[in-house]
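Below: the structure, in structure tokens.
Atom set for the values below is all heavy atoms of this structure, side chains included, hydrogens, waters and symmetry mates excluded. Computed from a prediction, not measured in an experiment: that's the story for all the values here. In what follows, chains are A, B, ... by sequence order, proteins preceding strands, each numbered from 1.
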There are 2 protein chains.
Amino acid sequence: MATDDLMTRALEALGDDGPLSVEAIHRLADLGDLPEMMTIAEVADLLDISPHTLRYYERAGLVEVARDGNGHRVYDAEVVRRMVFLTRMRLSGMPMRDLRHYISLVDSGAHTVPERLDVLVEHRDTIRRRIRELTLSLTAVEYKIATYGGSTGPDVQTLGTTTGTDRMAMPDEPLRRAVPAE
Amino acid sequence: MATDDLMTRALEALGDDGPLSVEAIHRLADLGDLPEMMTIAEVADLLDISPHTLRYYERAGLVEVARDGNGHRVYDAEVVRRMVFLTRMRLSGMPMRDLRHYISLVDSGAHTVPERLDVLVEHRDTIRRRIRELTLSLTAVEYKIATYGGSTGPDVQTLGTTTGTDRMAMPDEPLRRAVPAE
DNA sequence: TTTTGCGTTCGAGCGCGCTCGAAGTCCTAG
DNA sequence: CTAGGACTTCGAGCGCGCTCGAACGCAAAA
């Protein structure tokens, strides 16, 4: 029940807009058919980040990666999974510092699970807040586009609409520009 | 129709979570009962940013603000409206550089309206994309919280649930930790 | 008259998250 | 034998958006 619901919502979230969705779905679902060993280039490719960044994360203490005989990094499945996690959290806006904290909890044993949950829950709330903020901004921008006579609706009325009172936010000029200067 | 719809969505967006919402609604709606003249401190207060930042935006060429006899900044209603706009756009993640561009369009006359719309539409799409990303991340985090036995559902099962196959993303440890080290 | 307080300018500094380049090692293909 | 390419470490640099502090000006209150 819960899982199905989540999946449904994930798919809904994807909805329109092709390319990003495919990639996103891929990342959301595909784990398990991971190669046993991967090179830095392969992992970078998988996560769509640069090898530079991967090394940087390692330097930052977020993962430890084994080396082969030549001193080259060897990413095993577990490490790759962690990298996937880290990348995902970064993408959702969690700062490195928090990630470091979380990782240190993970590395210090199962008894830190409650504290890890605290971190996750807090981050969840942060994401929710951010989504709400963005939704609000989106509304405002859409409104402005609409009153500008933008491409939101079918009938485009350029200027004139904007001479009236801008009762809702998003002002810059179209008010007061009854007789433009140009 | 369109306006009502937008307003509805804005209110929906606020929904839960008190303090932020009140503030947000305030910002979304309240414009028009602006004082004719405001000091930097008042504007800073209104926008909930520091006077430092306000001066910084000015230095960055986003607004020009008049001075009084003492060389102190005097924000008139128009400038304040622009500041509100700028702040809102910043909050929604538009980079300063784009804002500078937009402002330069505004300042160069009504004939730039189409180009301004382009900017707005593009930004709208950016916000939408970001919301989609965040929604996805949110789902993933919620899933992880759930499988951890977090506070998402009513019945909390700590550990044990997490021993199974993590079919969906977000792995770090709870797998493979059948016999924890600690 | 001195102090308090709010403002000014200017330039430097900071935190974050990369991003890059130099210099070196090693393996493989031509 | 040599050239190319993928990797390594290390440290520096960068873009962004503030954020701060020093040194100063002016005006009303103590």
Side-chain angles (χ1 to χ4, degrees), chain A residues 35 37-76 79-80 82-83 85-103 123 126 130 133-134 137, chain B residues 35 37-76 79-80 82-83 85-103 123 126 130 133-134 137:
Chain A
M37 300 296 177
M38 297 179 76
T39 67
I40 194 170
E42 288 163 348
V43 176
D45 223 61
L46 175 73
L47 301 179
D48 199 29
I49 59 180
S50 76
H52 274 304
T53 303
L54 278 173
R55 295 191 198 101
Y56 167 69
Y57 285 172
E58 191 179 342
R59 263 193 293 177
L62 297 180
V63 274
E64 280 181 27
V65 184
R67 305 298 145 108
D68 68 8
N70 295 323
H72 290 197
R73 286 171 179 77
V74 178
Y75 291 79
D76 65 22
V79 169
V80 171
R82 177 172 283 194
M83 288 310 312
F85 169 72
L86 292 170
T87 307
R88 196 165 280 154
M89 295 304 262
R90 285 293 307 119
L91 226 112
S92 71
M94 181 179 277
M96 303 272 298
R97 148 179 36 95
D98 295 6
L99 237 20
R100 243 190 310 265
H101 177 218
Y102 187 89
I103 283 305
H123 184 56
T126 302
R130 188 69 188 129
E133 283 173 13
L134 284 178
S137 299
Chain B
M37 299 295 177
M38 295 179 77
T39 67
I40 194 171
E42 287 164 349
V43 177
D45 222 61
L46 175 73
L47 301 179
D48 200 29
I49 60 180
S50 76
H52 274 305
T53 304
L54 239 22
R55 294 191 197 101
Y56 167 69
Y57 285 171
E58 191 178 341
R59 264 195 292 178
L62 297 181
V63 274
E64 281 180 27
V65 183
R67 305 298 146 108
D68 67 9
N70 296 323
H72 289 196
R73 286 171 178 79
V74 178
Y75 290 80
D76 65 22
V79 168
V80 172
R82 178 171 284 193
M83 287 312 311
F85 170 73
L86 293 170
T87 306
R88 197 164 279 153
M89 295 305 263
R90 285 293 306 116
L91 226 112
S92 72
M94 181 178 278
M96 302 273 300
R97 147 180 38 93
D98 295 6
L99 236 20
R100 247 192 305 269
H101 177 218
Y102 187 89
I103 284 304
H123 184 55
T126 301
R130 189 66 189 131
E133 284 174 13
L134 284 178
S137 298

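Applying a 4.0 Å cut-off to non-hydrogen atoms, the residues of residues 58-65 of chain B that approach DNA chain D are Arg59(B), listed by residue number.
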Name the pairs: protein N/O against N/O of nucleotides 25-28 of chain D, kept only if under 3.5 Å.
{"unit_1": "dC26(D)", "atom_1": "O3'", "unit_2": "Asn70(B)", "atom_2": "OD1", "d": "3.0"}
{"unit_1": "dA27(D)", "atom_1": "OP1", "unit_2": "Asn70(B)", "atom_2": "OD1", "d": "3.3"}

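Counting heavy atoms from C-beta on, the side chains of Arg82(B) and Ile103(B) come closer than 4.5 Å. Annotation: side chain of His52(A) is not in contact with side chain of Tyr56(A) (no heavy-atom distance under 4.5 Å). Proximity of Thr39(A) to His72(A): side-chain heavy atoms (C-beta onward) are nowhere separated by under 4.5 Å.
Remark: Arg130(A) engages Glu133(A) in a salt bridge (Lys or Arg N to Asp or Glu O under 4.0 Å) (not counting sequence neighbours). Under the salt bridge (Lys or Arg N to Asp or Glu O under 4.0 Å) criterion, Glu58(B) pairs with Arg67(B), Arg73(B), not counting sequence neighbours. With sequence neighbours excluded, the residues satisfying side chain to side chain contact (heavy atoms under 4.5 Å, CB included) with Pro95(A) are Arg97(A), Asp98(A).
At the heavy-atom level, Pro95(B) lies under 4.0 Å from the strands shown only through sugar-phosphate atoms. Contact annotation for Ser50(A): no contact, since no heavy-atom pair falls under 4.0 Å across all strands.
Note on Arg55(A): a side-chain N or O is less than 4.0 Å away from OP1 or OP2 of dT8(D).
To the nearest angstrom, P of dT9(D) lies 12 Å from NE2 of His52(A).
The two residues Glu42(A) and Met37(A) come nearest to each other via the heavy atoms OE1-O, 4.2 Å.
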Run the side-chain contact (heavy atoms from CB on, under 4.5 Å) check on Leu47(B) and Leu86(B) step by step: do they pass? CA-CA 10 Å; Leu47(B) 301 179; Leu86(B) 293 170; over 6 Å; no
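Counting 5' to 3', DNA chain C first comes under 4.0 angstrom of a heavy atom of chain A and last does so at the ends given by dC16(C) to dC27(C).
Atom CE of Met83(A) and atom CG of Leu46(A) lie 10.0 Å apart (nearest 0.5 Å). How far CZ of Arg55(B) is from CD1 of Ile40(B): 4.0 Å, rounded to the nearest 0.5 Å.
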